Peer 1: 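Before I ask anything, let me first share the structure, which is written out below as structure tokens.
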Amino acid sequence: MGKSYPKNLRRARISVDFLLTELRKEKIEEVQNVALALWEPDGSISSFLHTQLQTTTRTDLNLKPQPFFLPIILSKEGKIDYHELQKTKHTEDWLHEQLTTTHKVNIKNILLATIDQHDNIADFPILNESH
């Protein structure tokens, strides 16, 4: 943002607190990291980091892109979602085996269980501690 930002804030009638709030929403901790900030018509502030502080992408590293995959919900609030389970190649027995053997938990105690494209069941929140 350079050294002129206090003058520009006063001219735009934007408080430092408001600016800092908008930066925090974009996960920017330091005003000094901002290369450009724009006040948008909806009243929000869009911020752009200095290039050396921007997140590296797969393209930057010349890595092959991976297709997007939304994890499949196998169980919610202790109940199997049979429609979603059917989308996988797995059975109810396989799911119970994975949860009781690998994760040592009963499906009735799981708030949410999902599976990724590599058939990994993600760590999941527990409804209660009794097994």
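Predicted model, so just to flag it, every value in this text is computed and none were measured.
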Peer 1: In Å and rounded to the nearest 0.5 Å, what is the OG to NZ distance from Ser75 to Lys108?
Peer 2: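 It comes to 11.5 Å.
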Peer 1: Say whether, by atom type as modelled, one donor and one acceptor occur between the side chain of Thr102 and the main chain of Leu99 under 3.5 angstrom.
Peer 2: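 Pair absent, no side-chain N/O of Thr102 close to backbone of Leu99.
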Peer 1: Determine the minimum heavy-atom distance between Leu112 and Lys76, stating which atoms define it.
Peer 2: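 Result for this residue pair: CD1-CG, 3.8 Å.
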Peer 1: Do Ile107 and Ile121 sit in the same hydrophobic cluster, where Ile, Leu, Val, Met, Phe, Trp and Tyr count as joined when their side-chain heavy atoms come under 4.5 Å apart?
Peer 2: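 Yes, same cluster.
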Peer 1: Please check if the side chain of Trp39 supplies one atom and the backbone of Gly43 the other of a donor-acceptor pair under 3.5 Å.
Peer 2: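 Looks like yes, one N/O pair under 3.5 Å.
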Peer 1: With a 3.5 Å cut-off and no angle check, do the side chains of Glu40 and Ser44 form a donor-acceptor pair?
Peer 2: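 Looking only at side-chain atoms, Ser44 and Glu40 do not form any donor-acceptor pair under 3.5 Å.
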Peer 1: First locate atom CD of Gln117, then atom OG1 of Thr88, and finally report the distance between them rounded to the nearest 0.5 Å.
Peer 2: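 Rounded to the nearest 0.5 Å, the CD-OG1 separation comes to 13.5 Å.
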Peer 1: Can you tell me if Glu26 has over 12 outside heavy atoms packed within less than 6.0 Å of its CD?
Peer 2: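 More than 12 heavy atoms, drawn from other residues, nucleotides or ligands, come within 6.0 Å of this atom.
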Peer 1: Are Ile110 and Ile80 linked, directly or through other ILVMFWY residues, by side chains that come within less than 4.5 angstrom of each other?
Peer 2: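 Linked, Ile110 and Ile80 end up in one cluster.
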Peer 1: According to a hydrophobic-cluster definition based on side-chain heavy atoms being under 4.5 Å apart (Ile, Leu, Val, Met, Phe, Trp, Tyr only), do Phe69 and Leu85 belong together?
Peer 2: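 Yes, Phe69 connects to Leu85 through the hydrophobic network.
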Peer 1: Throw together a table of side-chain donor-acceptor distances under 3.5 angstrom for residues 13-21, partners on residues two or more places apart or in other chains.
Peer 2:
residue, atom, partner, partner atom, Å
Ser15, OG, Phe18, N, 3.0
Thr21, OG1, Asp17, O, 2.9
Thr21, OG1, Arg24, NH2, 3.2

Peer 1: Do the non-hydrogen side-chain atoms of Tyr82 and Glu92 ever get within less than 4.5 Å of each other?
Peer 2: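 Touching, per the 4.5 Å side-chain cut-off.
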Peer 1: Same hydrophobic cluster for Ile73 and Ile115, using side-chain heavy-atom links shorter than 4.5 Å among ILVMFWY?
Peer 2: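 No; Ile115 is not reachable from Ile73 via cluster members.
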Peer 1: Using a cut-off of 6.0 Å, state whether more than 12 heavy atoms not belonging to Glu77 lie near its atom CD.
Peer 2: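 Atom CD in Glu77 is not packed in, count stays at 12 or less.
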Peer 1: Checking side chain to side chain contact (heavy atoms under 4.5 Å, CB included) for the pair Thr114/Ile72: CA distance, chi angles, key distance, verdict?
Peer 2: CA-CA 5 Å; Thr114 61; Ile72 296 171; over 6 Å; no
Peer 1: Just by modelled atom types, is the His83 backbone N or O under 3.5 Å from a matching donor or acceptor in the Asp81 side chain?
Peer 2: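 At least one qualifying donor-acceptor pair exists.
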Peer 1: Is there a donor-acceptor pair under 3.5 Å between the side chain of Glu84 and the backbone N or O of Leu74?
Peer 2: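 Not a single qualifying donor-acceptor pair exists.
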Peer 1: State, with a plain yes or no, whether a side-chain heavy atom of Leu36 is found less than 4.5 Å away from one of Leu38.
Peer 2: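 In short, these two side chains touch, coming nearer than 4.5 Å.
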Peer 1: Are side-chain heavy atoms of Gln66 and Arg58 found at a separation under 4.5 Å?
Peer 2: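 In contact.
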Peer 1: First locate atom CD of Gln98, then atom CG of Asn120, and finally report the distance between them rounded to the nearest 0.5 Å.
Peer 2: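 Interatomic distance, Gln98 CD to Asn120 CG, rounded to 0.5 Å: 9.5 Å.
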Peer 1: Quick check: do Leu23 and Val31 have side-chain heavy atoms less than 4.5 Å from each other?
Peer 2: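 They are in contact (side-chain heavy atoms under 4.5 Å apart), so the answer is yes.
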Peer 1: Contact between His50 and Val34 at the side-chain level, heavy atoms closer than 4.5 Å - yes or no?
Peer 2: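 The answer is no, as the side chains (C-beta and beyond) never meet within the 4.5 Å cut-off.
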Peer 1: Report yes if the side chains of Thr56 and Leu61 come closer than 4.5 Å at any heavy-atom pair, otherwise no.
Peer 2: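 In short, these two side chains touch, coming nearer than 4.5 Å.
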Peer 1: Are side-chain heavy atoms of Leu95 and His90 found at a separation under 4.5 Å?
Peer 2: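 Contact flag for Leu95/His90 side chains = no.
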